[in-house]
J.: 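Starting off with a structure, shown below.
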Amino acid sequence: MSVTVRVPAKVNVQLAVGAPRPDGFHDLANVFLAVGLYDEVTVTPADGLRITCSGPDAAQVPLDATNLAARAAIALAERHGIAPDVHIHIAKDIPVAGGMAGGSADGAAALLACDALWSTGAGRDELLAICAQLGSDVPFSLVGGAALGTGRGERLTPVDVGGTFHWVFAVADGGLSTPAVYGEFDRLTAGTDVPEPEASPVLLAALRAGDTTALAEALSNDLQQAALSLRPSLADTLAAGTAAGALAALVSGSGPTTAFLVADEESARKVAEALLTSGTCRNARTAVSPAPGATVQRP
Ligand code: C5P
């Protein structure tokens, strides 16, 4: 018997970052939006824990205990006195380069899949607590839709979305380390008064109204300058998408993936094509939002 869970990628439509906390993390006002690019994680009973991965970026996915999917299986098994003897297969379609929470998505999906396979009876709150231990973005991958993340991003409040938004994502060559980007944010803001992060009421209203033009004006990412400082070539990618007709362009999360909000499906196709031919990215993908969170697939 196997269990398969489908799980979406995310984009941060607002990422407000505060000063570093004593534990090294940063308080955030992080407005997550799940987008319709999905990984599928299948767990099957096996002699021991092992991970395999398929898909165009599979070679870049770690198949050892550092993979969040493995850590999720181990964390759940430990809590319920079960041996984590499963084969976890990740069918990867979420870009691996970073900024779309692909690793976090696989952690949330493996957790939900193992929970169904082992019938642990864990409630939603227990699963969310395990997700929060695994990483700041993992709880959102479980719930999907749209949500405001506070604390280090793990404390979620649902956000209403009143329409469909169209996106293009430009996948960069190579990754960017999340701690390095936060470190660069600290360096760039050193000696300044970093305000408490707060969700933007204008942005939340744009999401609620399903208003693409208003959302385009309200998008913001406090990590963008830091990501650009570490990877100046991302400015060329942002400019290429804007020149091709995107309504707004921003770095997704800590990057290096860049996100382009566009008016409709046709514009998405045009912007993706222009990004691909610009030579400023490795790949360009179109997607719509919002998307549902991690979901067990029924055969
Ligand atoms: O929680 P996660 O493991 O995804 O975080 C990765 C790294 O990103 C942390 O070690 C930290 O350097 C940085 N981070 C942060 N503040 C947050 C979330 C992440 O400084 N709210």
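All ligand and atom numbering here is 1-based and tracks the order in the structure. Given the structure is predicted, the values throughout are model-derived calculations rather than measurements. What you see below is based on every heavy atom in this structure, not just the backbone, and it leaves out hydrogens, waters and symmetry mates.
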J.: Hey, what's the ring geometry for His26 with Phe185, parallel, tilted or perpendicular (30° and 60° as the breaks)?
T.: perpendicular
J.: Could you list the donor-acceptor pairs under 3.5 angstrom formed between side-chain atoms of residues 92-110 and any protein atom two or more places apart in sequence or on another chain?
T.:
{"from": "Lys92", "atom 1": "NZ", "to": "Asp39", "atom 2": "OD2", "distance (Å)": "2.2"}
{"from": "Lys92", "atom 1": "NZ", "to": "Asp106", "atom 2": "OD2", "distance (Å)": "3.2"}
{"from": "Asp93", "atom 1": "OD1", "to": "Arg285", "atom 2": "NH1", "distance (Å)": "3.4"}
{"from": "Asp93", "atom 1": "OD1", "to": "Arg285", "atom 2": "NH2", "distance (Å)": "3.3"}
{"from": "Asp93", "atom 1": "OD2", "to": "Arg285", "atom 2": "NH2", "distance (Å)": "2.8"}

J.: Does atom CG of Asp264 have more than 12 heavy-atom neighbours from other groups under 6.0 Å away?
T.: yes
J.: Kindly compute the distance separating OG1 (Thr258) from CG (Leu275), expressed to the nearest 0.5 Å.
T.: 7.0 Å
J.: Below 3.5 Å only, please: the N or O atoms of ligand 1 paired with protein N or O atoms, distance on each line.
T.:
{"from": "ligand 1", "atom 1": "1 (O)", "to": "Ser136", "atom 2": "N", "distance (Å)": "2.9"}
{"from": "ligand 1", "atom 1": "1 (O)", "to": "Ser136", "atom 2": "OG", "distance (Å)": "2.6"}
{"from": "ligand 1", "atom 1": "16 (N)", "to": "His26", "atom 2": "N", "distance (Å)": "2.9"}
{"from": "ligand 1", "atom 1": "20 (O)", "to": "His26", "atom 2": "ND1", "distance (Å)": "2.7"}
{"from": "ligand 1", "atom 1": "21 (N)", "to": "His26", "atom 2": "O", "distance (Å)": "2.8"}
{"from": "ligand 1", "atom 1": "21 (N)", "to": "Arg152", "atom 2": "O", "distance (Å)": "3.0"}

J.: Name each donor-acceptor pair under 3.5 Å that joins a side chain in residues 206-218 to protein atoms two or more places apart or in another chain, with its distance.
T.:
{"from": "Asp211", "atom 1": "OD1", "to": "Thr213", "atom 2": "N", "distance (Å)": "3.1"}
{"from": "Asp211", "atom 1": "OD1", "to": "Ala214", "atom 2": "N", "distance (Å)": "3.0"}

J.: Side-chain polar contacts of residues 158-177 - donor-acceptor pairs under 3.5 angstrom, sequence neighbours left out - could you list them?
T.:
{"from": "Trp167", "atom 1": "NE1", "to": "Ser289", "atom 2": "OG", "distance (Å)": "2.9"}
{"from": "Ser177", "atom 1": "OG", "to": "Ala180", "atom 2": "N", "distance (Å)": "3.1"}

